[in-house]
Amino acid sequence: MMKLARLHAWPRTATAGVQLQHRLAMRVVLQPVTGRTRLMAGADAAFCDNGASALGGVVVWDRLTQTVVEQSTARVACRFPYIPGLLTFRELPALLAAFRKLRMTPEVVFADAHGLAHPRRMGLACMLGLWLNVPTVGCAKSLLCGEHGTLGRRRGSAVPLVHKGEQVGAVLRTQSGVKPVYVSPGHLCDCESACRLTLAATSKYRVPDPIRQAHQLVTRTKALLVERPRHTIS
DNA sequence: GCGACAG
DNA sequence: ATCTTGTCGC
């Protein structure tokens, strides 16, 4: 089982969450990710019961064989509403519960959310990295904060994402002619590594394979929890 | 006060 | 995120 750090009590209110983000922001380490990574994990969550519970899912993707080598899911009751900028407090508990069941330790983890590209430089990808103590990359499908110029239309094109005068990530085109994704460092990673890793993890779709696999995992699992087809009753 | 706002 | 039908295109 993967070891998770125990940093403090989980906040129960928005103000407590914001204060915690400010405190933890100082602990995020931005550094290059060296070596050729092979085991890349993807994390995602789906919601059940009209948002009353969250289903977290993690897959470990072998980049060389292009296969899922391990996966795990966990269903947890939601204790926090969705508030832009505070996504962590709604989703992270479910993700951590899934990681806790994981046997392998991935070399890098991709989160379907922002990392540094956050108003307080503490997006879900950063939090996840602090708990796992593993390099993490934030790869979001839409913008939360920051500005950027126009980028080329070919795969690999990228422009800096800037917020309040500092680069917090990049807008990266993962497929030619397809809408770009917003990449930012989580923990133990830097902007350049985040982009390089994201491109390496993306084969033929807009989002990196690990995230896509994790998304399908939680979607499938949720369907199994809800549906009760007559022909499968045991 | 007004608009923006990851999943 | 979730709800939700058909439709256009490789």
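Note that these values count all heavy atoms, side chains included, but never hydrogens, waters or copies made by symmetry. A note on names: the letters A, B, ... follow the listed sequences, proteins ahead of strands, and every chain is numbered from 1.
Between the CG atom of Leu124(A) and the C1' atom of dA1(C) there is a distance of 13 Å, given to the nearest Å. Rounded to an integer number of Å, the gap from CG of Asn50(A) to C1' of dA1(C) is 12 Å. Following rounding to the nearest Å, Asp112(A) (CG) and dA1(C) (P) show an atom-to-atom distance of 7 Å. The CD1-C1' distance, from Ile211(A) to dA1(C), rounds to 15 Å in whole Å.
Donor-acceptor pairing under 3.5 Å is recorded for the side chains of Asp209(A) and Ser203(A). Looking at Arg75(A) and Ser53(A), their side chains do bring a donor and an acceptor atom within 3.5 Å of each other. Between the side chains of His163(A) and Arg121(A), at least one donor N or O lies within less than 3.5 Å of an accepting N or O. Of the N and O atoms on the side chains of Arg120(A) and Gln21(A), at least one donor lies less than 3.5 Å from an acceptor on the other residue.
Atom NE2 of His114(A) is separated from atom CG of Leu144(A) by 5.0 Å, given to the nearest 0.5 angstrom.
Within 4.0 Å (heavy atoms only), Phe47(A) reaches sugar-phosphate atoms of the nucleic acid but no base atom. Among the protein residues, Ala117(A) comes within range of no part of the nucleic acid, since none of its heavy atoms lies under 4.0 Å from any strand. Among the heavy atoms of the strands lying under 4.0 Å from Gly85(A) is at least one base atom, whether or not backbone atoms are also near.
Using a 4.0 Å cutoff to heavy atoms of chain A, the contacted part of DNA chain B runs 5' to 3' from dC5(B) to dG7(B).
Remark: Arg90(A) is not positioned above the aromatic ring of Phe80(A), lacking an NZ or CZ atom under 6.0 angstrom from the ring centre and at most 45 degrees off the axis.
Each of Gln216(A), Lys222(A), His215(A) was checked for a side-chain hydrogen bond (donor to acceptor under 3.5 Å, both in side chains) with Thr219(A), and the lone residue meeting it is His215(A).
Open room surrounds CD on Glu192(A); 12 or fewer heavy atoms of other groups in view lie less than 6.0 Å from it.
The shortest distance between the side-chain N/O atoms of Lys222(A) and the OP1/OP2 oxygens of dT2(C) is below 4.0 Å.
Scanning for ring pair (Phe, Tyr, Trp, His ring centres under 6.0 Å) contacts around Phe99(A) gives an empty result, with sequence neighbours left out.
DNA chain B lies under 4.0 Å from at least one heavy atom of each of the following residues of residues 130-149 of chain A: Ala140(A), Lys141(A), Ser142(A), Leu143(A), Leu144(A).
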